[in-house]
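One is the number of the first residue; the rest follow in order along the sequence. Values in this document were obtained by computation on a predicted structure and should not be read as measured data.
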Amino acid sequence: WSRSGSDTADLLAARATAAAHGGEAGLALDLIDAAIVVAPQWPNGRFGRAVVHLSRHDVDRARVDLTVALSMEPRHIGAMAALATLAEAGGRKAEALKWLRRLAAIDPRNPAVAHDRIERLIIEVEGREL
């Protein structure tokens, strides 16, 4: 998933990552936007842009890109983990639980799938058996 199929898009995405790590979120956004123009069907391009949006505290745009990444690649682990975290932080615990269960089915060893986290959400969403 890290390769788009376009050397140009891959280079732009790598430069976007470097810019983001250097604290230049605006430049990172411009570069990843350009990568998406070159490779519009690349799920990781959308995921990368979501990460940049999150660094700029733009949760709504990040959520849109994460959803698009998942529509392109339904097994995108990073997008599921991010959507679970955003849902939980936003108080949408049932949605967070849905994403964590889906992620656990694909990658049960993923650190985002901490079993105590899932158990806590199950109790909060579904309650406990008597």
Side-chain angles (χ1 to χ4, degrees):
W1 292 338
S2 63
R3 304 211 32 108
S4 68
S6 163
D7 291 341
T8 301
D10 293 346
L11 178 62
L12 288 165
R15 289 188 176 169
T17 299
H21 286 284
E24 297 181 76
L27 176 59
L29 186 57
D30 290 344
L31 290 166
I32 198 66
D33 280 344
I36 290 169
V37 168
V38 173
Q41 296 304 314
W42 181 35
N44 234 34
R46 300 300 175 124
F47 178 73
R49 187 166 66 183
V51 170
V52 173
H53 284 314
L54 288 172
S55 76
R56 298 172 62 135
H57 308 288
D58 192 342
V59 174
D60 293 334
R61 285 194 175 135
R63 189 177 294 114
V64 168
D65 276 330
L66 293 167
T67 302
V68 171
L70 275 170
S71 72
M72 294 176 183
E73 175 47 69
R75 298 169 298 137
H76 197 291
I77 292 166
M80 280 185 261
L83 283 168
T85 299
L86 289 175
E88 190 172 5
R92 297 180 315 282
K93 295 177 183 185
E95 180 184 344
L97 181 58
K98 174 193 83 164
W99 287 119
L100 288 174
R101 282 179 166 157
R102 186 169 162 186
L103 178 56
I106 294 169
D107 185 12
R109 295 182 186 205
N110 189 300
V113 185
H115 293 289
D116 60 328
R117 182 180 182 195
I118 291 177
E119 290 300 318
R120 180 181 46 78
L121 283 170
I122 288 171
I123 291 168
E124 291 176 12
V125 172
E126 299 172 357
R128 291 185 183 182
E129 284 190 37
L130 296 176

Where is the tightest heavy-atom contact between [X] and [Y], given as atom of each residue plus distance?
X: Ala69; Y: Arg46; result: CB-CB, 4.0 Å
X: Glu73; Y: Pro43; result: CB-CG, 3.7 Å
X: Trp99; Y: Ala84; result: CB-CB, 3.7 Å
X: Ala25; Y: Val52; result: O-CG1, 3.7 Å
X: Gly45; Y: Ile32; result: O-CG1, 3.6 Å
X: Met72; Y: Trp42; result: SD-C, 3.9 Å

#### Entry: Donor-acceptor contact present, side-chain Arg49 to main-chain Ala35, <3.5 Å
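Not confirmed, Arg49 side chain does not pair with Ala35 backbone.
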### Query
Can you check whether Ser4's main-chain N or O pairs, donor with acceptor, with Asp10's side chain at less than 3.5 Å?
yes
Atom [atom1] of [X] and atom [atom2] of [Y]: how far apart are they, to the nearest 0.5 Å?
X: Arg75; Y: Asp107; atom1: CZ; atom2: CG; answer: 11.5 Å
X: Asp116; Y: Leu121; atom1: CG; atom2: CG; answer: 10.0 Å
X: Glu124; Y: Lys93; atom1: CD; atom2: NZ; answer: 3.5 Å

Does [X] belong to the same Ile/Leu/Val/Met/Phe/Trp/Tyr cluster as [Y], with side-chain heavy atoms less than 4.5 Å apart forming each link?
X: Leu70; Y: Leu103; value: yes
X: Val51; Y: Ile77; value: yes
X: Ile106; Y: Leu66; value: yes
X: Val64; Y: Leu83; value: no
X: Val38; Y: Leu11; value: no

### Task
Starting from the C-alpha separation in whole Å, work towards a yes-or-no answer on side-chain contact (heavy atoms from CB on, under 4.5 Å) for Arg117 and Glu88.
CA-CA 10 Å; Arg117 182 180 182 195; Glu88 190 172 5; 2.8 Å; yes
### Query
Got more than 12 heavy atoms from elsewhere within 6.0 Å of CZ, Arg15?
no
### Message
Looking at Lys98, I'd like to know if its NZ atom is crowded, meaning that more than 12 non-hydrogen atoms belonging to other residues, nucleotides or ligands lie closer than 6.0 Å.
### Response
yes
#### Entry: Stepwise side-chain contact (heavy atoms from CB on, under 4.5 Å) check, Leu54 with Leu86
CA-CA 10 Å; Leu54 288 172; Leu86 289 175; 3.8 Å; yes
### Message
Between Glu95 and Arg63, does any side-chain N to carboxylate O distance fall below 4.0 Å?
### Response
no
### Task
Please check if any side-chain donor atom of His76 sits under 3.5 Å from a side-chain acceptor atom of Asn44, or the reverse.
yes
### Query
How far apart are the C-alpha atoms of Glu126 and Leu97, what are their side-chain angles, what is the distance that settles it, and do they pass the side-chain contact (heavy atoms from CB on, under 4.5 Å) test?
CA-CA 10 Å; Glu126 299 172 357; Leu97 181 58; 3.9 Å; yes
